[in-house]
Amino acid sequence: MKLRYFAWVRERVGKAEEDVDVPDGVATIGELMTWLASRGEEYAHAFDNPKVIRAAIDKTHVKPQTPIGTASEIAFFPPMTGG
Amino acid sequence: MKLRYFAWVRERVGKAEEDVDVPDGVATIGELMTWLASRGEEYAHAFDNPKVIRAAIDKTHVKPQTPIGTASEIAFFPPMTGG
Amino acid sequence: MRYIPRMTTTVRIQSEPFDAAAEAKKLSGGRTDVGALVTFTGICRGNEGSEPIVALTLEHYPGMAEAEIERHVAEAVARWPLIGVTVIHRHGRIQPGEDIMMVATASSHRQAAFAAAEFLMDYLKTRAPFWKQVEKADGTTWVDAKATDDAAAERWAAPGRKHAAAE
Amino acid sequence: MRYIPRMTTTVRIQSEPFDAAAEAKKLSGGRTDVGALVTFTGICRGNEGSEPIVALTLEHYPGMAEAEIERHVAEAVARWPLIGVTVIHRHGRIQPGEDIMMVATASSHRQAAFAAAEFLMDYLKTRAPFWKQVEKADGTTWVDAKATDDAAAERWAAPGRKHAAAE
């Protein structure tokens with residue numbers, strides 16, 4: 001599964017995207033963030049306050065409780081500040 | 001006192017402006033409209049429904065109960081449709 | 001110290017056409033404190049319902065039109081943190097596709113610019129002394145005032161209404 | 001028979017500057033059914049509070065940004081009687097005084113044009129995947145999302161809210 005990071009989430013993780021094998025038992029966006037936070041210091045820093053992180057599955061906004069399902073691309077980013 | 005008429009009030013009265021001597025006892029805008037309506041057929045037609053006529057004293061919107069006072073110019077016109 | 005912006009207000013009543021884009025640009029050009037620019041342009045349509053319009057003719061009350069618009073511009077400036085306001089309104093004969101009038105508002109913040117532009121439009125429709133006559137193939141008629149325009153203007157006067165004055 | 005206007009919608013994400021006035025003009029040019037044209041332009045300011053800004057850099061999520069804006073344009077078209085909508089949003093480095101983005105809405109009636117432009121702006125601020133980084137003399141920081149922007153976007157979703165859909 002492809003993960004993409006934007007803005008300060010990208011800066012903290014230290015990369016814009018990566019391919020990961022998500023372990024069994026990680027079923028929702030929220031669980032994916034918890035698992036990512038356990039992957040090292042930079043991830044722990046990026047995901048230390050998951051409440052402020054927004055997510056999209058295949059370029060559509062989703063909530064933490066949304067199941068990952070058969071997503072091909074999941075993105076994590078801070079609240080948006082365009083306009 | 002100078003009176004000015006605009007839009008269909010002007011068309012019905014048949015003139016854009018005139019100088020009139022307002023008789024004693026005509027104290028408010030509403031009373032002035034009643035008096036004007038008595039001045040002939042064209043005035044009666046213009047002021048037959050005074051509720052829809054708006055007025056300005058010296059280029060400021062006023063209500064029917066506003067006293068004429070020492071106005072130098074009073075205008076009558078339909079509801080505005082600019083913009 | 002609170003930053004007091006240099007304020008630009010322009011009110012013009014004219015029979016000549018105007019360039020809405022160029023007028024709006026003047027509010028933000030040459031300065032870097034404008035974050036939001038809202039422009040409204042009112043355009044003469046070519047039909048009313050299903051009937052074609054040949055032209056509109058706008059009558060106005062010279063002197064009062066300027067004074068009334070300036071009074072509402074001053075009120076908008078007092079109510080919202082604006083940097084610039086431009087109102088231009090044409091009179092005379094106007095053909096379909098031509099611009100009738102414009103309002104442009106500049107502010108640091110979008111909500112102030114939007115609110116002030118809508119406020120000015122609602123008041124222009126109901127309080128500025130202009131009257132539209134519509135010319136069709138079978139003659140001319142005066143446009144009736146709309147109750148919905150009065151309602152739109154009244155919402156700004158409703159007690160307790162809150163304005164989004166800043167982002 | 002109800003008149004079904006020819007509808008023009010344009011959504012563009014680009015790093016190049018754009019000409020807001022020319023883009024807005026495209027919505028009303030060559031047709032006579034547009035009575036109201038509203039243009040919002042978001043401009044890079046030269047300061048944040050009292051601190052000078054060197055530049056803004058806008059990061060975006062390619063593909064999702066277009067899709068998200070197009071979804072909201074479609075919703076605006078469904079909610080209000082619009083004739084045309086244009087949204088252009090830049091990404092990359094933008095200097096003070098330069099335009100960041102624009103929304104233009106064309107309709108027969110002013111209230112629809114205003115409401116749709118505000119709706120699109122409120123959603124763009126909170127749902128379109130763009131992130132602003134502000135560059136000052138002492139370094140760069142990510143702009144924080146504003147709670148007031150979330151509140152502005154939520155008013156469009158509030159149950160029972162009435163929209164002024166026509167004059």
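Throughout, a chain's letter reflects where its sequence line sits, starting with A, and its residues are numbered from 1. In this text the structure is predicted, and so the values were computed from the model without any measurement.
By a heavy-atom distance cut of under 4.5 Å, C/Pro96, C/Gly97, C/Asp99 are the residues of residues 96-103 of chain C near chain D, going up by number. Using non-hydrogen atoms only and a strict 4.5 Å limit, the part of residues 12-26 of chain D facing chain C consists of D/Ala21, D/Lys25. Listed by sequence position, the residues of residues 133-141 of chain C in contact with chain D number zero, using a 4.5 angstrom heavy-atom cutoff.
Listed options D/Val34, D/Thr105, D/Asp122, D/Ile43 were ranked by heavy-atom pairs under 4.5 angstrom with chain C; first place goes to D/Ile43.
Between C/Met121 and D/Gln111 the shortest side-chain heavy-atom distance does not fall below 4.5 Å. In this structure, C/Arg45 and D/Arg31 have side chains that are not in contact, with every pair of non-hydrogen atoms separated by 4.5 Å or more. A 4.5 Å side-chain heavy-atom check between C/Arg110 and D/Asp149 finds at least one atom pair inside the cut-off.
Looking at D/Thr41, both its backbone and its side chain come within 4.5 Å of chain C, counting heavy atoms on both sides. With a 4.5 angstrom heavy-atom cutoff, C/Ala117 touches chain D via backbone and side-chain atoms both.
Taking the ring pair (Phe, Tyr, Trp, His ring centres under 6.0 Å) definition, one finds that D/Phe40 meets it with C/Phe114, sequence neighbours left out.
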For this session: Would you please test C/Thr39 and D/Val38 for side-chain contact (heavy atoms from CB on, under 4.5 Å) and show each step?
Result: CA-CA 6 Å; C/Thr39 308; D/Val38 169; over 6 Å; no
